[in-house]
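Keep in mind that this is a model prediction, so the values were computed, not measured.
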Amino acid sequence: VKVTGKVTDNLNEPMIGVSIVEKGTTNGCITDIDGKYSIQVPSNGTLVFSFVGMKTVEIAVNNKQVINVALESDSKELDEVMVVAYATAKKYSFTGAAASVKGEDIAKLQTSSISKALEGTVAGLQASATSGQPGTDADIRIRGIGSITGSTTPLYVVDGLPQTGIDYLNPNDIESIAVHKDASVAAIYGSRGANGIIIITTKSGSLENKAQVSYDGYVGWQTPWKRPHMLNAADYITYKNLAADNAGQERVAAFATQENIDAVLNFVNKNSGPNGTDWWKEIINEGAFMHNHNISVNGGTKNIGILSSLAYTDQDGIVKGSNYKRISWRNNFNMKISKRVSLTANVGIIDEKRQLIDENNPATGTVFSAMGADPITPVFRNNLVDVPIFLSQIYNGYEPNNLYSQYSGILFSNKRNPVGQIQRMRQSTYEYLYVKAGANLEIKLLDFLKFNSRFGMDISRSLTDGFQPTGH
């Protein structure tokens, strides 16, 4: 159901930039300059309205098409601490354009991608998926595009260490995320912060706490909510002939006479079914399985706190052959050396494995090929029956003993066989290993003056286990 409405404050003034999110998902929007919004949600869903300094409101849709909300101020939230570059500040005393997101709110979304989880949670932040591959970053923009030719990606800072991306992080390790939209923090990081800065703080060990072991996990399935409907074999022949006639061109030989058309449809019926090949159905993974598990140990003594977390993520893509696996082990140490000296340190090891499909390429992309391949061509060319002589080219280059030669070449469109392409590409695995570590020594010289010294290490290695079949 499409829900519209208006969000106002306690003075009945319209509020711009209020985040409206469907509870438990990343489906969201923000209010415009008049405080109005529009969002598509299930009739039994729940909308969550949130804004910095205001109390969060949850409202059940219950088939309502218009929901107007008046938000109340939340003085407690204004007392929360926000990370500002090398220091912290309370929200009420911070005058820059910034917003913060709690780690527990990110963990509730049950997603393997932190960048995608930010969508709809921060006003002025746009997170758009540029890839359908599981485990890929969203393209984040803060306050729109600031450059035509240069990079528009914000700077990420994780525990004081600048990063180019954040999706290697385990969502359960996040303590808080601060999104800075103006130049107030960029003064420290220079031109790298021109497109905004996202500062992430991970959880640290608790002092004077007994060891606590916690587990968090979920299991889910993904499926496309909508699919394109392509022409069946008979309709394809009709429109192919109609296009040739309207262009004043000669018809394709296989469709030139009714006798040939009958032979083609008989071939299709006996080898692919009455409607021909449904390429979209052949490549889509209905009910793609995903699961995530996280176990952590947290505790410490009077002067030392330790947090260690181990997480595993496995996600199949909705296109067959795509998969993402991640194992991450993160250790945070918090040491109080003396009354005025403290040391924090962290080290993380992340191992990622990906199986990819060809995408974002209109010529060779798997999904593009599935939408452009004709329904006449069967998926496989071994054990075919009643092949008309004018379709004998389907056997060109056929090698019975070559597993990858069994896939048919597309007969009437310049596309690759998407099923054969998936089978070939799923044999290749791309592995990435990251070691990320940092340390911060803080000395309190005076009550109003602190000295900080930071160290960071970022090591990565990539390994491709590739496969390319020989022959046709």
Side-chain angles (χ1 to χ4, degrees), residues 2-23 25-41 45-59 61 66-84 89-102 105-106 108-109 114-129 138-146 152-155 176-186 193-200:
K2 183 180 181 180
V3 179
T4 60
K6 185 176 182 180
V7 182
T8 57
D9 58 16
N10 51 0
L11 298 178
N12 202 31
E13 294 292 330
M15 296 184 64
I16 181 175
V18 176
S19 172
I20 302 102
V21 180
E22 178 189 348
K23 188 175 181 179
T25 73
T26 57
N27 176 31
C29 66
I30 60 175
T31 55
D32 60 18
I33 193 171
D34 297 317
K36 296 180 180 179
Y37 71 93
S38 175
I39 187 173
Q40 196 81 23
V41 293
T46 300
L47 292 179
V48 180
F49 297 79
S50 60
F51 191 78
V52 175
M54 310 297 284
K55 292 182 180 179
T56 299
V57 175
E58 295 186 8
I59 298 179
V61 176
V66 177
I67 298 178
N68 296 320
V69 179
L71 297 182
E72 299 178 356
S73 61
D74 187 357
S75 58
K76 179 180 178 182
E77 183 177 345
L78 295 177
D79 288 331
E80 292 180 4
V81 174
M82 176 182 293
V83 178
V84 184
K90 287 192 175 183
K91 283 187 178 180
Y92 72 82
S93 64
F94 183 72
T95 58
S100 63
V101 182
K102 297 178 182 178
D105 295 332
I106 296 293
K108 288 177 183 177
L109 295 176
I114 295 177
S115 58
K116 292 177 183 176
L118 288 174
E119 181 180 8
T121 60
V122 177
L125 183 148
Q126 297 174 321
S128 56
D139 194 6
I140 290 183
R141 300 285 181 267
I142 297 177
R143 287 190 169 178
I145 298 175
T152 57
T153 303
L155 173 66
S176 66
I177 300 177
V179 180
H180 296 269
K181 312 169 192 178
D182 59 7
S184 60
V185 182
N195 298 311
I197 300 177
I198 297 178
I199 301 178
I200 297 178

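Counting heavy atoms from C-beta on, the side chains of I198 and I142 come closer than 4.5 Å. Two residues are said to be in side-chain contact when any heavy atoms from C-beta on lie closer than 4.5 Å; F49 and L71 meet this criterion. With contacts defined as side-chain heavy-atom distances shorter than 4.5 Å, the pair T4/V66 qualifies. No side-chain heavy atom of F51 sits less than 4.5 Å from a side-chain heavy atom of V57. Between V3 and I20, the closest side-chain pair of non-hydrogen atoms is not below 4.5 Å. No side-chain heavy atom of T153 sits less than 4.5 Å from a side-chain heavy atom of N195.
To the nearest 0.5 Å, the span separating CG on L47 from NZ on K23 amounts to 11.5 Å. Considering CD1 of I39 and CD of E22, their distance stands at 6.5 Å, rounded to 0.5 Å. Remark: I16 CD1 to I30 CD1 distance equals 7.5 Å, nearest 0.5 Å.
With hydrogens and angles disregarded, no donor-acceptor distance shorter than 3.5 Å links the side chain of N68 to the backbone of G5. Within the 3.5 Å criterion, the main-chain N or O of K36 finds no donor-acceptor partner in the side chain of D34.
In this structure, I67 and V61 approach most closely via the heavy-atom pair CD1-CA, 4.3 Å. Of all heavy-atom pairs between S38 and C29, the closest is O-SG, 3.6 Å. Shortest non-hydrogen contact noted between T31 and M15 is OG1-O, 2.7 Å.
Just one residue in the list D139, L125, I140 forms a side chain to side chain contact (heavy atoms under 4.5 Å, CB included) with S115, and that residue is I140.
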